[in-house]
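To start, the structure under review is shown below, and the notes come after it.
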Protein chains: 2
Amino acid sequence: MNQPTPIEETVHRHGLRLTPQRQVILEVLRASREHPDAAWVYQQVRQRLPHISLGTVYRNLATLAEKGLIQEITLTDNATHWDGDTTPHTHILCPECRRITDLESFTLPEALLEQAQRVSGFAIQGYRLLFIGICPSCAAQHQRVDAR
Amino acid sequence: MNQPTPIEETVHRHGLRLTPQRQVILEVLRASREHPDAAWVYQQVRQRLPHISLGTVYRNLATLAEKGLIQEITLTDNATHWDGDTTPHTHILCPECRRITDLESFTLPEALLEQAQRVSGFAIQGYRLLFIGICPSCAAQHQRVDAR
DNA sequence: ATGCTTGCAAAACATTTGCACGCAC
DNA sequence: GTGCGTGCAAATGTTTTGCAAGCAT
């Protein structure tokens with residue numbers, strides 16, 4: 001949806017084999033706006049490949065991230081989350097419902113990156129930015145509760 | 001070192017009891033620039049309190065973070081890391097050596113926060129920003145290796 | 001045919017929790 | 001004295017890994 005390049009081509013171009021497991025995992029991730037963890041991906045994929053093992057899911061998530069086909073989100077709770085959208089974008093976490101939402105087309109100004117590079121002496125390759133805030137639906141719940 | 005408020009006073013002000021375990025954990029975190037995980041804190045504290053249990057370390061890290069006496073850094077690998085410096089600052093992770101370094105006094109401009117709030121509809125409370133880049137010492141190693 | 005990938009199950013980690021006791025207040 | 005905090009150990013949850021077999025190329 002968000003990444004129109006055909007899966008087969010993308011996978012092959014990165015020197016990986018196209019197995020049914022790998023294909024479905026990628027499809028699930030690309031079709032989802034959920035930023036799921038491995039367990040969720042496993043459950044989804046199992047609906048189409050009942051024999052897939054959890055280990056395979058973990059191995060593929062790691063491999064795909066390594067090749068840049070998906071993104072790792074290690075920002076929140078115990079479990080690592082994954083994002084099929086590899087375009088640069090920022091996330092927001094609602095501490096109430098623990099859901100991760102996309103902040104479309106929000107990028108740091110170049111000037112900030114340069115400042116970071118200058119101050120730190122590091123060769124900056126990228127960044128991870130997570131905003132934290134109450135989502136509209138949780139805010140609405142608060143109002144209801146507070147009104148009691 | 002970076003937070004001059006006496007530990008006893010700080011702990012009491014937040015409605016917590018000052019146990020030897022809690023005190024040493026806080027001292028270790030404040031004295032360190034390591035951004036350590038629970039296992040590292042445990043090892044350090046055990047040098048002074050050989051009988052402390054790992055569970056106590058975990059419980060205290062959670063409690064102290066909840067009260068705002070330390071900061072949680074959940075940006076990187078599986079283990080949660082902790083920071084005794086609660087002033088707002090940004091981190092840099094070197095993917096080579098996996099070390100987390102401080103980026104002193106680097107904050108996002110207010111305008112960006114407002115933009116995020118406007119675009120998302122969330123009530124933004126804060127953010128976590130991690131730059132990713134090769135640290136000077138790893139960059140030097142690369143040069144050596146590449147030159148072979 | 002070659003060797004990357006998989007399934008399975010066990011292992012390795014990271015973290016949490018129940019319970020009785022002890023100590024800070 | 002009260003109840004928060006601790007030690008211990010077991011439980012829980014997440015992720016990794018060894019191995020033999022399977023399949024994409």
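Scope of the values below: all heavy atoms of this structure, side chains included, with no hydrogens, waters or symmetry mates.
- Checked against a 6.0 Å centroid threshold, the rings of A/Phe131 and A/Phe106 count as neighbours.
- Residue whose closest nucleotide on DNA chain C sits further toward the 5' end, between A/Gly55 and B/Arg59: A/Gly55.
- Relative orientation of the A/His91 and A/His35 rings is perpendicular, given thresholds of 30° and 60° on the angle between their planes.
- Using a 4.5 Å heavy-atom cutoff, the side chains of B/Ile52 and B/Val57 are in contact.
- The C1' atoms of five pairs define one axis at each end of the helix from C/dA1-D/dT25 to C/dC25-D/dG1, and these two axes lie 50° apart (to 10°).
- Counting only heavy atoms from C-beta outward, the side chains of B/Pro36 and B/Leu29 approach each other to under 4.5 Å.
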Distance-only criterion, 3.5 Å: show the donor-acceptor pairs between side-chain atoms of residues 108-121 of chain A and protein atoms not counting sequence neighbours.
residue  : atom : partner  : partner atom : Å
A/Gln117 : OE1  : A/Ile124 : N            : 3.2
A/Ser120 : OG   : A/Ala116 : O            : 2.7
A/Ser120 : OG   : A/Phe122 : N            : 3.0

Output a table of donor-acceptor pairs, distance under 3.5 Å, between side-chain atoms of residues 59-69 of chain A and any protein atom two or more places apart or on a different chain; print 'none' if there are none.
residue : atom : partner : partner atom : Å
A/Asn60 : OD1  : A/Arg22 : NE           : 2.6
A/Asn60 : OD1  : A/Arg22 : NH2          : 3.2
A/Asn60 : ND2  : A/Thr56 : O            : 3.1
A/Thr63 : OG1  : A/Arg59 : O            : 2.8

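- Taking a heavy-atom distance under 4.0 Å as the criterion, the stretch of DNA chain C touched by chain B extends 5' to 3' from C/dA14 to C/dC25.
- Sequence order on DNA chain D of the closest nucleotides to A/Asp37 and B/Leu49 puts B/Leu49 first from the 5' end.
- In this structure, the side chains of A/Thr90 and A/Leu130 stay at 4.5 Å or more apart for every pair of heavy atoms.
- Comparing A/Asn60 and B/Ala62, the nucleotide of DNA chain C nearest to each residue sits closer to the 5' end for A/Asn60.
- Remark: the backbone N or O of B/Leu49 is not paired with any side-chain donor or acceptor of B/His51 at under 3.5 angstrom.
- Counting heavy atoms from C-beta outward, B/Trp40 and B/Val28 have side chains that approach closer than 4.5 Å.
- If you check the side chains of A/His81 and A/Asp37, you find no donor sitting under 3.5 Å from an acceptor.
- Interface residues of residues 14-24 of chain A facing DNA chain D, ordered by number: A/Arg17, A/Leu18, A/Pro20; criterion, heavy-atom separation under 4.0 Å.
- When side chains are defined from C-beta on, B/Ile73 does not count as touching B/Trp82, because their heavy atoms never get closer than 4.5 Å.
- Side-chain contact, B/Glu27 with B/Gln23: a donor N or O sits under 3.5 Å from an acceptor N or O.
- To the nearest 0.5 angstrom, A/Asp83 atom CG is 11.0 Å from A/Glu34 atom CD.
- Along DNA chain D, read 5' to 3', the first and last nucleotides having any atom under 4.0 Å from a heavy atom of chain B are D/dG3 to D/dC8.
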